[in-house]
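What you see is a predicted model, and the numbers here were worked out from it, not measured in a lab. Side-chain atoms are counted along with the backbone in the values below, which use heavy atoms only and exclude waters and symmetry mates.
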Amino acid sequence: MRIMILTLLVLTMTFGLIHAESKFGPSVFGIKAGMNISRVTGDDSPVSADSHLGYHAGILMRLYISESLILQPELLYTQKGYNYKYTDTQAEVDHRIRDSFDYVEVPVLVKLNVNAGDVGLQPYAGLAVSYLVNAKSKETISNDNVSITYNNDVKEEVNALGFGFLVGADVVIMQKYLVGGRYNFGLSNIWKDGYEGGSDVQNGVLMLSLGYLFNN
């Protein structure tokens, strides 16, 4: 229910702003999608943690505050997670674990707008709030002769709300096409207290995107 309310509120705000105009230009609607390369940070993160590949997709809106300043809220579906392994030396068994988290995420960005003909550069910073949709843990236990895989739903062990600080930049081509990259620094812990050996574990995600602006 909370995720439905959050989504409806963001959609209402977004589509309302689409029709709003400032003296510097109309609001602009767009879509974007791309690849996530995520990892984890924090004192309790696994030493052997590896990067995790995922994707993001969603909508965006640009509202001109001035000729050189843009406010850009977004609504994204985004995947985060990490992989790690460890060995039980007593049992001579290897454990490989893939933790995956799916979120609905609402970033709000403040962007500088620097134009040079048909190409514009828009560096930005902002904040994001995310709401957990799914959380899965895939564990493969193996030795020389046998390999067994377990798929576990760990949503109850993961904090429902997450927060992040974003920095990045978009290149805008012909005022329609977006090519961008950002890093989302996790500000909140993934796991609830006491799970996975400790709660001081945060998401960190490199996001590479392509997008299109419709009414520019």
Side-chain angles (χ1 to χ4, degrees), residues 1-7 10 32-58 74-107 127-168 181-209:
M1 178 61 70
R2 283 181 295 176
I3 189 172
M4 292 178 62
I5 294 172
L6 175 63
T7 302
V10 172
K32 66 186 303 183
M35 179 176 67
N36 290 353
I37 305 173
S38 57
R39 55 188 294 270
V40 286
T41 60
D43 291 341
D44 296 326
S45 59
V47 175
S48 59
D50 295 323
S51 298
H52 176 99
L53 295 180
Y55 71 88
H56 64 273
E74 301 176 354
L75 179 63
L76 304 176
Y77 190 91
T78 184
Q79 296 181 323
K80 306 176 185 182
Y82 60 106
N83 310 315
Y84 66 98
K85 60 183 179 180
Y86 68 92
T87 300
D88 184 339
T89 54
Q90 271 192 324
E92 297 183 350
V93 172
D94 294 324
H95 296 252
R96 294 179 179 271
I97 299 174
R98 176 184 175 90
D99 289 331
S100 303
F101 316 110
D102 295 350
Y103 295 92
V104 171
E105 187 163 87
V106 183
L127 297 173
V129 59
S130 55
Y131 188 87
L132 183 70
V133 179
N134 293 305
K136 305 291 185 183
S137 183
K138 180 179 179 180
E139 181 176 10
T140 300
I141 303 172
S142 60
N143 58 21
D144 292 337
N145 302 314
V146 180
S147 180
I148 303 172
T149 298
Y150 300 93
N151 292 292
N152 301 308
D153 188 328
V154 293
K155 187 176 179 181
E156 294 301 317
E157 309 299 338
V158 178
N159 288 312
L161 286 178
F163 301 91
F165 173 71
L166 312 175
V167 292
R182 72 177 57 159
Y183 195 86
N184 187 334
F185 296 88
L187 300 177
S188 55
N189 293 320
I190 300 171
W191 301 102
K192 294 179 180 178
D193 289 346
Y195 191 76
E196 289 266 321
S199 60
D200 187 12
V201 182
Q202 300 88 39
N203 285 306
V205 188
L206 174 65
M207 305 173 71
L208 305 174
S209 305

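- Rounding to the nearest 0.5 angstrom, the gap separating the OG atom in Ser137 from the CG atom in Asp153 is 10.0 Å.
- Side-chain contact check for Val167 versus Phe185: some heavy-atom pair is nearer than 4.5 Å.
- With sequence neighbours left out, Tyr77 forms a side-chain hydrogen bond (donor to acceptor under 3.5 Å, both in side chains) with Asp102.
- Nearest heavy atoms, Asn83 versus Ser51: ND2-O, 3.0 Å.
- Atom CE of Met35 and atom CG of Leu206 lie 7.0 Å apart (nearest 0.5 Å).
- The backbone N or O of Glu156 lies less than 3.5 Å from a partner atom in the side chain of Lys192, making a donor-acceptor pair.
- Asn151 CG to Glu139 CD: the interatomic distance, rounded to the nearest 0.5 Å, is 10.5 Å.
- Here Ile97 contributes atom CD1 and Lys138 contributes atom NZ; the two are 12.5 Å apart, rounded to the nearest 0.5 Å.
- Annotation: the span from Leu53 atom CG to Ile37 atom CD1 amounts to 6.0 Å, rounded to 0.5 Å.
- Judged by distance alone, with hydrogens and angles left aside, the side-chain atoms of Lys155 form a donor-acceptor pair with the main-chain N or O of Val133 at under 3.5 Å.
- Every residue meeting the side-chain hydrogen bond (donor to acceptor under 3.5 Å, both in side chains) condition with Thr78, not counting sequence neighbours, appears here in chain and number order: Asn36.
- Atom CG of Asn184 is separated from atom CD of Glu105 by 5.0 Å, given to the nearest 0.5 angstrom.
- At least one side-chain heavy atom of Leu76 sits less than 4.5 Å from a side-chain heavy atom of Met207.
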Does the pair Gln202 and Asn189 meet the rule for a side-chain contact (heavy atoms from CB on, under 4.5 Å), with working shown?
CA-CA 5 Å; Gln202 300 88 39; Asn189 293 320; 2.7 Å; yes
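- One finds a salt bridge joining Glu74 and Arg182 here, because a Lys/Arg side-chain nitrogen approaches an Asp/Glu carboxylate oxygen to under 4.0 Å.
- In this pair, Tyr82 and Trp191 present their aromatic rings perpendicular. The plane angle is above 60°, beyond the 30 to 60° band.
- Residues Val205 and His56 form no side-chain contact, since every pair of their non-hydrogen atoms from C-beta on lies 4.5 Å or further apart.
- The closest side-chain heavy-atom distance from Phe101 to Asn134 is not below 4.5 Å.
- The two residues Gly54 and Gln79 come nearest to each other via the heavy atoms CA-OE1, 3.4 Å.
- The side-chain heavy atoms of Leu75 and Val104, taken from C-beta on, include a pair separated by under 4.5 Å.
- Side-chain contact check for Asp99 versus His52: every heavy-atom pair is 4.5 Å or farther apart.
- Here the side chain of Ser38 pairs a donor or acceptor atom with the backbone of Gly81 at under 3.5 angstrom.
- Side-chain contact between Tyr103 and Val158 is present, with at least one heavy-atom pair separated by less than 4.5 Å.
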